[in-house]
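Following: one structure in structure tokens, then a few remarks.
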Amino acid sequence: MNLNLTSLDATIFGVYILGVLALGLYASRKGKQTKRDYFLAGDKLPWWMIGGSIIASNISSHHLVGAMGAAYSRGFVVIAMEWGAILMGFNALLWIFLPFYIRNGFYTIPEFLHKRFGTAARTTYAGLILLTYVFVEISAVLYLGALSLHSLLNIPVFASVLVLALLTGVYTISGGLRAVIWTEMLQLGVLVMGGIILTVATVKAAGGIESVLETSKDWELILPASDPDFPWTMYLGGALCISIFYCATNQFIVQRVLAAKNEWHARMGVIFGDYLKFLVPLIITVPALVAPKLIPHLDNPDLLFPTLVGTLLPSGLVGLVMAGLIAAVMSHLSGAINSCTTILTVDVFLPYFSKNATEAEAVRFGRISGGVIIVVGILCTGVLMSYSDKPIFIYLMNAYGLFTPGIATMFLLGILWKRTTQQGALTAGILTIPLSILIEFVFPQMPFFNRTGIVFWTCMAMCVLVSLVTKPKPEAELAGLIWNKESLSLLPEEREQQRGLKNPFIWWAIITAIVLYFYVRYA
């Protein structure tokens, strides 16, 4: 498909791109040249910016394009990973990890591992997470965004990759997390508006709300164990592991929480993110469920998004929805780049190469490393260009399963079991990739969620065994690092903020009940 944008579409699209660049560059001039300001926006984020930016950075082209394509071919079950994150990953962040991150004043997630286990665990995590960001986050987002631009405008895929990467890199490298957050809030609004427009147009063309209700008889969130992609057994470990990693121990997501004004804002921000996490996947999934009525035989499901845009939308709205796609790409990409630069600076450059670096030198290194990350991410898109067996969204989940079991093990046992030792944590971290590859080689037909679950529980078992035969840290060194019931409550000086309807628990209970209803109703 080659969609020729009208002058109105091109104007809307161009104004959006220029607006994001202008806002990002303006935000970059507002901050001070300090580490805390560049990497954590000066610890001044309110709850609504935290929740909004979490979802803006989370929802990207692999959702608008990848998840929509997967829902077209696999149905309603694709939403299970998104809503499952509300019940698993974000709950783990909210009720287990968040107090320790905030109260210890960390810049990065690896700092928790360093304080809990030592330098080797911190370095292992940093290495695993950087591989995940470059090979899974940055390259996949660039590829899917470029694929849609190529499909709609006939722009060469690699040229689109270059343009998207460079445009996003300009303000991200210049302004750090402050520029990322400011632009993400604009991008979230454009993304949601564009998604709603496409949803309404698709549902209307398919026959109205009755077409959606007709598909509901086939909605399933729990599939048989024999399903090749989403077996119910995924909830026994694979989905749990990936969700906890992505939402609770992932610098990319948690960095926004670390930048909160205080712990109340951090908690309310995560809960606000839960509501957005419920809404946005619906906007993405519903068009895909009714699309077979309009486009019954689409060879490449990942082209559903551009096909619907090119087929259904009139002049003007095409430009707005395309702006929504680019918003998704740029917000996710900027967050991933910023997370990489933070980890490279705080967990690699400062401890290993320049312990006495000034604030300005740390920020300068962050900017240089951001440029390097962008170049590497561009080069890695070639891996995805040759991937066509399944929708890219499923490939991404598969890729997460290679890296995440060891990471989830280190954090869960590290914070929940004081007997966990550095040697046990390192065993889990080192085992995760080779064990994942081994199982995939020996059992190539095994659903990746099952493989991830097996690796996760194996890492947990090995971590426990090794910890039991090695010397633990003295209890005095574990103060403030092990979960206890006090972790569920705000600090005394912040409890006044949660009276009445400001109590985070009330809003958490409402969204949790809504999600549980859907799981029970469509089990």
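FYI, side chains are in, hydrogens and waters are out, and symmetry mates aren't considered; it's all heavy atoms of this structure.
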Over all atoms of both residues, closest heavy-atom pair of [X] and [Y]:
{"X": "T345", "Y": "S369", "value": "OG1-OG, 4.4 Å"}
{"X": "C241", "Y": "P405", "value": "SG-CA, 3.4 Å"}
{"X": "L142", "Y": "A165", "value": "CD2-N, 3.8 Å"}
{"X": "A71", "Y": "L289", "value": "O-CD2, 4.4 Å"}
{"X": "A428", "Y": "T409", "value": "CB-CG2, 3.6 Å"}
{"X": "W508", "Y": "T512", "value": "O-OG1, 2.8 Å"}

Are [X] and [Y] side-chain neighbours, meaning at least one heavy-atom pair lies under 4.5 Å?
{"X": "V134", "Y": "I373", "value": "yes"}
{"X": "I407", "Y": "Y246", "value": "no"}
{"X": "F117", "Y": "T420", "value": "yes"}
{"X": "C459", "Y": "V455", "value": "yes"}
{"X": "R367", "Y": "T341", "value": "no"}
{"X": "R267", "Y": "P99", "value": "yes"}
{"X": "I138", "Y": "L333", "value": "yes"}
{"X": "F518", "Y": "I79", "value": "no"}

Exercise for the section: Evaluate side-chain contact (heavy atoms from CB on, under 4.5 Å) for T124 paired with R122, printing each intermediate quantity in order. Expected result: CA-CA 6 Å; T124 300; R122 178 185 196 173; over 6 Å; no

Main-chain N/O of [Y] paired with [X] side-chain donor or acceptor, under 3.5 Å:
{"X": "K473", "Y": "R116", "value": "yes"}
{"X": "T432", "Y": "G429", "value": "no"}
{"X": "N91", "Y": "L87", "value": "yes"}
{"X": "W457", "Y": "L236", "value": "yes"}
{"X": "T452", "Y": "G238", "value": "no"}
{"X": "Y519", "Y": "A80", "value": "yes"}
{"X": "E477", "Y": "P474", "value": "no"}
{"X": "Y125", "Y": "E111", "value": "no"}

Non-neighbouring partners of [X] that pass side chain to side chain contact (heavy atoms under 4.5 Å, CB included), sequence neighbours left out:
{"X": "T199", "value": "V203, I283, V286, P287"}
{"X": "I102", "value": "L98, V257, E263, A266"}
{"X": "T123", "value": "T119, Y352"}

Exercise for the section: Look at atom CZ of F505 and say whether more than 12 heavy atoms of other residues, nucleotides or ligands are closer to it than 6.0 Å. Expected result: no

Handout entry: Residues, nucleotides or ligands: over 12 heavy atoms within 6.0 Å of W507 CH2
Key = no

Practice task
Please list, chain by chain and in numerical order, all residues satisfying salt bridge (charged side-chain N to carboxylate O under 4.0 Å, His left out) with D274, sequence neighbours excluded.
Solution key: none

Handout entry: Set of salt bridge (charged side-chain N to carboxylate O under 4.0 Å, His left out) partners for K418, sequence neighbours left out
Key = E475

Distance from [X] atom [atom1] to [Y] atom [atom2], nearest 0.5 Å?
{"X": "H265", "Y": "I50", "atom1": "NE2", "atom2": "CD1", "result": "7.5 Å"}
{"X": "Y16", "Y": "L18", "atom1": "OH", "atom2": "CG", "result": "11.5 Å"}
{"X": "I506", "Y": "K502", "atom1": "CD1", "atom2": "NZ", "result": "12.5 Å"}
{"X": "I284", "Y": "L198", "atom1": "CD1", "atom2": "CG", "result": "10.5 Å"}
{"X": "T108", "Y": "Q255", "atom1": "OG1", "atom2": "CD", "result": "8.5 Å"}
{"X": "W95", "Y": "F90", "atom1": "CH2", "atom2": "CZ", "result": "14.5 Å"}

Exercise for the section: Using the salt bridge (charged side-chain N to carboxylate O under 4.0 Å, His left out) rule, collect all pairs that involve residues 89-98, keeping only residues at least two apart or in two chains. Expected result: none

Problem - F349 and F365 aromatic ring geometry - parallel, tilted or perpendicular at 30°/60° bounds - result: parallel

Practice task
Mind telling me whether F76 and W83 have parallel, tilted or perpendicular rings, with 30° and 60° as the class edges?
Solution key: perpendicular

Handout entry: Verdict with supporting geometry, N250 and Y133, side-chain contact (heavy atoms from CB on, under 4.5 Å)
Key = CA-CA 10 Å; N250 180 359; Y133 289 157; 2.4 Å; yes

Exercise for the section: Before giving the answer on side-chain contact (heavy atoms from CB on, under 4.5 Å), spell out for F97 and T249 the whole-Å C-alpha distance, their side-chain angles and the decisive distance to 0.1 Å. Expected result: CA-CA 8 Å; F97 293 101; T249 69; 4.2 Å; yes

Problem - Matching residue for L240 among F449, Y235, F456 - test: side chain to side chain contact (heavy atoms under 4.5 Å, CB included) - result: F456

Exercise for the section: Pick out which of I244, I109, L416 makes a side chain to side chain contact (heavy atoms under 4.5 Å, CB included) with F411. Expected result: I109

Exercise for the section: Could you walk me through whether I55 and F272 pass side-chain contact (heavy atoms from CB on, under 4.5 Å), step by step? Expected result: CA-CA 9 Å; I55 302 306; F272 179 49; over 6 Å; no

Exercise for the section: Tell me, with the steps shown, if T342 and Q251 meet side-chain hydrogen bond (donor to acceptor under 3.5 Å, both in side chains). Expected result: CA-CA 9 Å; T342 304; Q251 181 73 22; 4.8 Å; no

